[in-house]
Chemist: 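Sharing a structure, written as structure tokens. Questions coming.
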Amino acid sequence: MKTLLLAEYKKLHRSKLIFLLVFALIMTLGVVFLQGQFSFSGKKYIDTFGWYILQVQSLTTYFVLPSLIALFGGYIICREEQEDVLKSLRLIPIDESNMITAKMIITLLGSIFVYLILFTASLIIEAVLHLNAVNMSELVHYFVVYVLTGIGVFMTISPIIAFVGLIKKSYWIALIVTEIYSFIGIFFASKEVVRAIYPISSIFVLSGVYKTSMMEFVISISVNIICCLVAHKILQIISIDEK
């Protein structure tokens, strides 16, 4: 497994999707910064410590990162099939079940890593703007929010990644489907209980962005676990078909 994970990591250096991801993150940071220049009651939004770091997390989770991470996951899980190297890998031979597991683990780690990069960038901007307001307890809180968001995004989109691997069509399908899937979550964000049931909005409950009841928290965890179980079931079908 360690060898497979290392191999998948090395393959990423040749992927142009990394440049797309970096561009999307830079654009998001810039858009939120400009949004923060608007005023409410004579005070700019960005003048409040914590506003920027939470807005970046919210905007990217509803509009940007889930679709890009799904695209990334769909790409690495389908690349051998689409680049016609799967037959060669079967001659080695290689355990395809372990290979798929390695790809999903890399996608999970990639999701967490991207959110940590986003956290670091937004924290630097917050520190530049509000150096005296920065305190350790809030930093730890925001760090946990971003890490749990990275995990939650992977869990909720894992069925889409697995499905793309099952149908073996263009991995760009993952981006389109996930973008719609994420956008719909906005309509459930303000509805108690329902927001914990819909997978994308449940990420905000799980990560602690929303102040919710214990029941909502438990529901959000259950929803995320169910998403993973669905993905696991689909991946099992892929493994059986390939054998």
Side-chain angles (χ1 to χ4, degrees), residues 1-28 60-90 92 94-118 149-183 185 199-200 203 224 227-228 230-242:
M1 180 60 69
K2 183 178 178 180
T3 303
L4 288 172
L5 289 172
L6 184 60
E8 291 299 329
Y9 170 75
K10 288 183 176 180
K11 291 176 186 177
L12 297 179
H13 294 288
R14 302 192 299 269
S15 174
K16 294 180 180 179
L17 292 180
I18 300 298
F19 296 103
L20 175 62
L21 188 58
V22 171
F23 175 76
L25 294 183
I26 293 173
M27 285 294 294
T28 301
T60 52
T61 303
Y62 278 126
F63 296 104
V64 183
L65 285 183
S67 56
L68 289 179
I69 293 170
L71 173 64
F72 171 81
Y75 167 72
I76 65 172
I77 206 170
C78 293
R79 63 180 299 170
E80 284 81 10
E81 181 79 26
Q82 296 197 355
E83 294 175 5
D84 201 28
V85 297
L86 191 57
K87 294 177 181 178
S88 300
L89 290 175
R90 287 171 178 167
I92 296 178
I94 189 170
D95 190 319
E96 294 180 31
S97 178
N98 286 342
M99 184 173 70
I100 291 174
T101 300
K103 291 176 183 294
M104 295 300 284
I105 292 174
I106 286 293
T107 305
L108 169 60
L109 295 177
S111 179
I112 297 172
F113 182 66
V114 167
Y115 269 96
L116 287 178
I117 291 176
L118 202 60
T149 302
I151 295 171
V153 165
F154 168 78
M155 294 175 75
T156 54
I157 67 173
S158 58
I160 297 175
I161 296 172
F163 182 71
V164 169
L166 177 64
I167 62 176
K168 293 181 174 60
K169 300 294 183 182
S170 173
Y171 45 83
W172 288 94
I173 294 175
L175 183 143
I176 298 170
V177 172
T178 308
E179 189 62 38
I180 298 171
Y181 173 53
S182 300
F183 180 74
I200 292 297
I203 296 171
N224 279 258
C227 288
C228 286
V230 172
H232 177 67
K233 188 66 177 178
I234 296 173
L235 293 174
Q236 281 186 322
I237 296 172
I238 295 175
S239 298
I240 293 172
D241 290 344
E242 291 176 341

Chemist: Which value, rounded to the nearest 0.5 Å, describes the distance between I157 atom CD1 and F72 atom CZ?
Modeler: 10.5 Å

Chemist: Roughly how far, to the nearest 0.5 Å, is CZ of F183 from OG of S67?
Modeler: 12.5 Å

Chemist: Please lay out, stage by stage, how L65 and L118 fare under the test side-chain contact (heavy atoms from CB on, under 4.5 Å).
Modeler: CA-CA 10 Å; L65 285 183; L118 202 60; 4.0 Å; yes

Chemist: Checking T156 side chain against V153 main chain: does a donor-acceptor pair fall under 3.5 Å?
Modeler: yes

Chemist: Does the T178 side chain pair with the main chain of L175, one donor and one acceptor, at a distance under 3.5 Å?
Modeler: no

Chemist: Return all side-chain donor-acceptor pairs below 3.5 angstrom for residues 104-116, not counting sequence neighbours, or 'none' if the list is empty.
Modeler:
residue : atom : partner : partner atom : Å
T107    : OG1  : K103    : O            : 2.8
S111    : OG   : G150    : O            : 2.6
Y115    : OH   : T61     : OG1          : 2.8

Chemist: So, taking the atom named CD in Q236 and the one named CD1 in I100, what distance separates them when rounded to the nearest 0.5 Å?
Modeler: 10.5 Å

Chemist: Within a 6.0 Å radius of atom OH on Y62, are there more than 12 heavy atoms belonging to other residues, nucleotides or ligands?
Modeler: yes

Chemist: Going through the checks in order, is the side-chain contact (heavy atoms from CB on, under 4.5 Å) test met by I151 and N224?
Modeler: CA-CA 10 Å; I151 295 171; N224 279 258; over 6 Å; no

Chemist: To the nearest 0.5 Å, what is the distance between OH (Y75) and CG (L71)?
Modeler: 10.0 Å

Chemist: Keeping the roles fixed (side chain from Y181, backbone from I160), state whether a donor-acceptor pair exists under 3.5 Å.
Modeler: no

Chemist: Could you report the tightest heavy-atom contact between C227 and M155, atom names first, then the distance?
Modeler: CB-O, 3.1 Å

Chemist: Any side-chain heavy-atom pair from I234 and I161 closer than 4.5 angstrom?
Modeler: no

Chemist: What side-chain donor-acceptor pairs closer than 3.5 Å can you find for residues 19-27, not counting sequence neighbours?
Modeler:
none

Chemist: A162 and A231: which non-hydrogen atoms are nearest, and at how many Å?
Modeler: CB-O, 3.7 Å

